Amino acid sequence: MEMKEKIISLFKKYGFEYRKNVSNGDFLAFTFKSGFFHNAEIVSLCVNDKARLEKEMDKVAQDLDQLGFSTKKAFYKSVEEIEDTLFEGFFNVSEWKEKIRTEYREHCDRTLSVLPTEADTYSYIQVPYLKNNNRIEENIIDDICKSVLVDGPQLTIIEAPAGFGKTCTSYEIINSLVNHYDNAPIPFFTEFSRDRQARVFSHIFVREVDRSFSSVNSDVVIEEVKEGRIVVVLDGFDELLHDSSSTPDEQHKFENAEPMLETISELLTKSAKIILTSRRSAIFDGEMFNEWVNRYEDQFTINRYKLDKPEIKDWIPSLRLEELNSTDVDVNKLSNPVLLSFLRFVNDDFFTRLCAEPALIVKQYFSAMLEREMERQELRMNPERQTELLRLVAQDMCDNNYTADSKEKLINVIKEKASHLLNDVRSLYPAKDRPTIDKLATTLSNHAFFDRSNQGDNNIEFINEFVFGNYIAGSIICSEDDWIASDERFVEPAVLSYLARGAKQRSLLWQKLSLMNEFLDPSTRMRFEAALTDNIEEDVYSNIDISSITLKNLDIFQTGAIKLSIFNDCSFQNVNFNLENLKDITFLNCSFWDCSHQNNSTKSPDVSFYNCRDNNDFIIEIEGEEIANDSPQQIDISYYIFSKIWPIGSLSIERLHYFTGNLFKTNEFTRKEIIKEIKVLKRNELLLSANDVNFITINKAKIIEIKSILGRD
């Protein structure tokens with residue numbers, strides 16, 4: 001495309017009309033109409049001939065002025081400078097950055113609003129994290145922001161349990177981009193929440209674009225995203241996954257998410273950067289997602305960050321941490337950002353009282369905040385009544401599958417569900433000060449534990465997942481019948497909010513979740529059982545895959561048993577395994593740190609390991625010294641493996657990368673035999689490790705030998 005056509009194309013993209021009749025080889029004229037504003041631009045790249053050309057431009061400007069246009073003359077050094085100027089002007093970059101700074105300050109204020117009054121300064125606390133399954137020490141914000149500056153399209157996925165820093169990390173990223181990186185793209189940030197309607201992601205995205213960039217056509221915004229001038233940050237991707245299925249089936253879950261992923265993949269061209277956050281989900285761990293990743297591996301890169309629980313030492317001053325450790329409380333159970341902030345900021349006298357009754361730390365946090373709410377709003381509603389009200393609102397969200405709603409609808413929910421509370425509270429006011437039902441409900445809709453949602457101008461949601469989960473859990477425990485929610489999304493915050501509670505309360509919550517547990521995927525169910533009971537012993541985990549969970553400081557199957565199951569990409573830390581109750585169990589790509597085992601049976605352990613790691617010979621002690629180094633190749637098993645990768649009848653290998661887990665779906669050979677043969681084939685370099693540890697790949701340099709094994713010419 002010639003330079004002239006490039007310039008015309010640029011201005012037309014932003015809605016200008018090219019005025020050919022008053023343009024020439026030295027300069028081009030464009031007009032723009034928007035409401036009452038009629039503007040004209042006369043542009044030239046002939047900077048060295050500016051004096052002569054300005055006279056000719058003045059004549060054209062006079063003609064355009066007479067037509068009602070406000071005309072501007074401009075000389076540019078390059079087409080790139082024109083492009084930058086148009087982008088800066090139409091997107092109001094300086095104002096946009098200030099808007100991001102304001103949103104960040106509001107986020108900080110909201111976070112501090114539910115902390116003790118001594119908390120007057122917000123600071124982001126680093127959390128441990130994995131990047132593409134590797135432990136990284138660099139500051140996560142710096143690592144992500146630097147990756148945004150790299151050329152080429154890139155998808156960044158940030159995963160964490162509910163209430164463990166996804167939104168705070170998102171805000172820190174966008175604030176850092178506008179304050180510390182001069183050449184960074186401007187952030188387009190949207191925070192999703194679940195409303196009462198099932199919605200199409202592509203429509204939501206365009207709507208959010210139109211809402212945020214009202215002066216620019218959405219097609220222009222999307223084009224600038226692709227060019228890398230705008231980085232898209234989508235917080236709460238999982239909130240858009242409305243799953244109506246009654247079975248936790250991986251295929252159904254992925255099919256539910258795939259249209260959203262496809263919309264994202266369409267944006268990821270040229271130099272686009274998209275960052276999305278999500279709760280930990282089986283969607284991102286299964287074979288189908290890995291196949292989706294491989295399908296687009298030549299189009300864009302993917303970086304996955306997994307946030308771990310906060311390191312308590314990074315939040316609590318050393319003297320306070322010593323005082324906490326001297327109590328009988330399990331400090332690790334307090335690894336929640338809200339509780340850690342509470343313990344960090346309360347005054348010394350209050351902290352000492354908490355250490356005297358550490359089991360009541362969570363209760364004291366909520367009591368302190370609810371008592372402060374009575375003062376803040378001059379509300380004659382004691383903490384017990386506020387608690388009941390908040391439980392009723394949380395339960396309505398669970399029943400009707402939403403996490404945010406308009407202020408008007410929230411007020412109606414309060415009036416409908418809590419009319420008895422409103423009447424009781426009204427009776428506590430003297431007649432002359434007594435509020436109406438409507439006024440009291442409106443006051444309660446402004447509760448400190450509610451917050452204006454970023455999704456919609458007037459939507460309200462719980463201020464964070466820890467608070468939301470606390471009131472969901474309270475509703476679960478108070479339920480007289482078997483508790484059930486409209487979606488399993490509501491279980492995780494309830495479980496995580498109760499980790500710091502006493503053993504009896506956690507056990508009671510687990511019992512009350514017995515019916516709802518049937519709708520959880522197996523990995524999530526096992527994770528929650530471990531979290532609430534400090535054991536894993538239920539007889540429900542046989543013949544399934546368990547993926548991407550971390551288990552710490554517990555016993556596995558001291559009672560109960562598990563058979564014919566696969567653990568994939570799991571991490572075990574200080575876990576004791578009763579091998580007698582593990583039958584034909586396979587561990588793929590798992591890590592075992594400071595783990596132990598016991599086996600009261602005379603039989604050899606029926607356990608297999610592939611691509612696993614330990615730090616204390618845990619694997620060798622169980623598996624024995626027999627490895628693939630001296631084992632001969634078993635032709636029948638080799639044939640089976642290669643025929644799965646290169647099926648009979650296929651003229652070519654459709655996929656060089658093959659999902660290892662699929663090889664175990666057979667009754668011809670045991671998993672142990674298949675794993676042993678894979679190791680032999682790798683030793684002989686017929687198979688290679690793929691970039692993703694969940695896959696293996698054929699060595700194309702050995703294709704003749706592979707054909708021989710398959711009996712093909």
Side-chain angles (χ1 to χ4, degrees), residues 1 6 9-10 13 80 83-84 87 91 93 96 131-134 136 140-159 166 169-170 173-174 176-178 181-190 192 201-202 204-206 208-209 212-213 216-238 240 254 257-278 283-284 288-306 655-657 690-692 695:
M1 186 184 294
K6 283 184 179 179
S9 176
L10 272 175
K13 181 173 81 172
E80 289 71 26
E83 191 169 10
D84 290 342
F87 181 80
F91 283 89
V93 172
W96 184 263
K131 179 182 180 181
N132 300 326
N133 288 322
N134 296 309
I136 305 294
I140 187 173
I141 306 303
D142 291 342
D143 191 77
I144 292 173
C145 288
K146 287 176 184 176
S147 71
V148 169
L149 303 180
V150 176
D151 288 337
Q154 183 182 113
L155 173 63
T156 298
I157 302 173
I158 303 171
E159 300 169 75
K166 298 182 296 297
T169 300
S170 297
I173 290 168
I174 64 175
S176 187
L177 285 172
V178 300
Y181 294 88
D182 293 336
N183 299 320
I186 63 171
F188 165 47
F189 174 70
T190 188
F192 292 124
F201 172 70
S202 57
I204 300 167
F205 181 72
V206 171
E208 288 298 303
V209 166
S212 300
F213 300 99
V216 187
N217 185 283
S218 61
D219 291 339
V220 176
V221 179
I222 290 171
E223 181 59 32
E224 296 298 356
V225 168
K226 294 178 179 179
E227 293 291 344
R229 294 177 181 271
I230 300 172
V231 55
V232 177
V233 182
L234 307 174
D235 183 45
F237 175 83
D238 55 284
L240 300 179
F254 183 79
E258 189 172 22
M260 298 159 64
L261 292 171
E262 289 299 323
T263 298
I264 289 171
S265 70
E266 290 168 5
L267 294 172
L268 285 165
T269 60
K270 298 180 181 178
S271 197
K273 303 293 187 299
I274 296 178
I275 300 170
L276 62 86
T277 75
S278 173
I283 291 166
F284 298 123
M288 299 183 74
F289 178 75
N290 281 306
E291 288 183 354
W292 182 84
V293 169
N294 287 327
R295 191 160 70 230
Y296 290 105
E297 64 180 350
D298 295 330
Q299 179 177 321
F300 54 83
T301 59
I302 297 181
N303 287 318
R304 290 182 64 183
Y305 294 80
K306 295 181 180 180
R655 294 178 298 179
L656 290 176
H657 298 83
N691 293 331
D692 189 314
F695 289 77

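These figures come from a predicted structure and were not determined experimentally.
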Are the side chains of F205 and V232 in touch, meaning some heavy atoms are under 4.5 Å apart?
yes
N-O pairing of D219 and K13 below 4.0 Å:
no
Distance-only donor-acceptor check, side chains T277 and D235, under 3.5 Å:
yes
When rounded to the nearest 0.5 angstrom, what is the spacing between OG in S271 and NZ in K226?
13.5 Å
Among T190, I174, I274, which residue satisfies the side-chain contact (heavy atoms from CB on, under 4.5 Å) criterion with V233?
I174
Is the closest side-chain heavy-atom distance between L276 and F192 below 4.5 Å?
no
Do E159 and F237 come within less than 4.5 Å of each other through their side chains, counting heavy atoms only?
no
Can you tell me how the ring of F300 sits relative to the ring of W292, calling it parallel under 30°, perpendicular over 60° and tilted otherwise?
tilted
From F91 CZ over to E224 CD, what is the distance, rounded to the nearest 0.5 angstrom?
5.0 Å
Are Q299 and S265 linked by a side-chain donor-acceptor pair shorter than 3.5 Å?
no
Spatial distance of atom CD (Q154) from atom CG (L268) [nearest 0.5 Å]
9.0 Å
Do I140 and Y305 touch side chain to side chain, with heavy atoms closer than 4.5 Å?
yes
Heavy-atom distance under 4.5 Å between the side chains of P187 and I173, does that happen here?
no
Hey, does R229 have a side-chain heavy atom less than 4.5 Å from the side chain of D84?
yes
Would you call I186 and V178 a side-chain contact if the rule is heavy atoms closer than 4.5 Å?
no
For I275, the option from I158, I157, T169, L155 that meets side-chain contact (heavy atoms from CB on, under 4.5 Å):
I158
Spell out, as yes or no, whether a donor-acceptor pair under 3.5 Å connects the side chain of K273 to the backbone of T156.
no
Presence of salt bridge, K270 and E223, under 4.0 angstrom:
yes
